[in-house]
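Inspection log for the structure reproduced underneath, given as structure tokens.
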Amino acid sequence: MKPIVWAALIVIIVAALVLNSQKRGRRQYNYKRRTFLLSRAEREFYELLQEAVGQEFYVFPQIHLSSLVDNRVVGQNWFGAFRHIDEKSVDFVLCDKISLSPQIAIELDDQSHERADRKKRDEEVQRILETAGLPLIRIDNNNRLSPAELAQKIKGKEAHVY
């Protein structure tokens, strides 16, 4: 084949790929509103947290790590660091009532946290938050704490807030 035919084929293939990717970008997805923001266990724990520390902290549920830690650290690929934390979240975050600064992260552990893949994910979240200086408390969902016991656990971690 002549070089001009090859060039025309390449142009046609590239144009087809570009058009196809543009069509995918215009794909419209449908969504529906969730009935509940939290599971029943999470909602019950949220209410316990409010009772235990609601006078001192704001309690925020379901917070992504990208809202808690800054991925733009000198000397690393910021986009790669963002992608690493983008799909990870913690169950609750306690924030200072004046500045809204995150003070303590809380994970409510259920049976899913016993799976090998989840343990690996939990260890990485722990490492990320420790590196960033944000304490993490893990609470066993099966361990029913009173508001006073929960407040005491939080006070113990609060002493380590940076």
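Just the heavy atoms: all of them, side chains too, but no hydrogens, waters or symmetry mates, feed the values below.
Taking a cutoff of 4.0 Å between a charged side-chain nitrogen and a carboxylate oxygen, K120 and D117 do not qualify as a salt bridge. Between E87 and R121 there is no salt bridge, since no side-chain N of the basic residue sits under 4.0 Å from a carboxylate O of the acidic one. Between R118 and D122 there is a salt bridge, with a side-chain nitrogen of the basic residue lying less than 4.0 Å from a carboxylate oxygen of the acidic one. Salt-bridge annotation for E123 and K119: absent, with no side-chain N of the basic residue lying under 4.0 Å from a carboxylate O of the acidic one.
L134 is not listed as a side-chain neighbour of I104, based on a closest heavy-atom distance of 4.5 Å or more. By the 4.5 Å heavy-atom criterion applied to side chains, I139 and L108 are counted as neighbours. Between S89 and L65, every side-chain heavy-atom pair lies at or beyond the 4.5 Å cut-off.
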Exercise. Decide yes or no on ring-ring contact (aromatic ring centres under 6.0 Å, His included) for F60 and F92, but give the supporting numbers first.
Key: CA-CA 5 Å; F60 294 100; F92 300 95; over 10 Å; no
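Counting heavy atoms of neighbouring residues, nucleotides and ligands inside a 6.0 Å radius, atom CD of Q152 does not exceed 12 of them. Residue-environment remark: CG (L100) exceeds the threshold of 12 foreign heavy atoms within 6.0 Å. The local environment of CZ in R83 is sparse, with at most 12 non-hydrogen atoms from other residues, nucleotides or ligands closer than 6.0 Å.
Counting only N and O atoms by type, the side chains of Q126 and E107 include no donor and acceptor under 3.5 Å apart. Counting only N and O atoms by type, the side chains of Q50 and Y46 include a donor and acceptor under 3.5 Å apart. Donor-acceptor pairing under 3.5 Å is recorded for the side chains of H84 and E124.
For the side-chain contact (heavy atoms from CB on, under 4.5 Å) with I106, the lone residue among V93, I154, L136, D91 that qualifies is I154.
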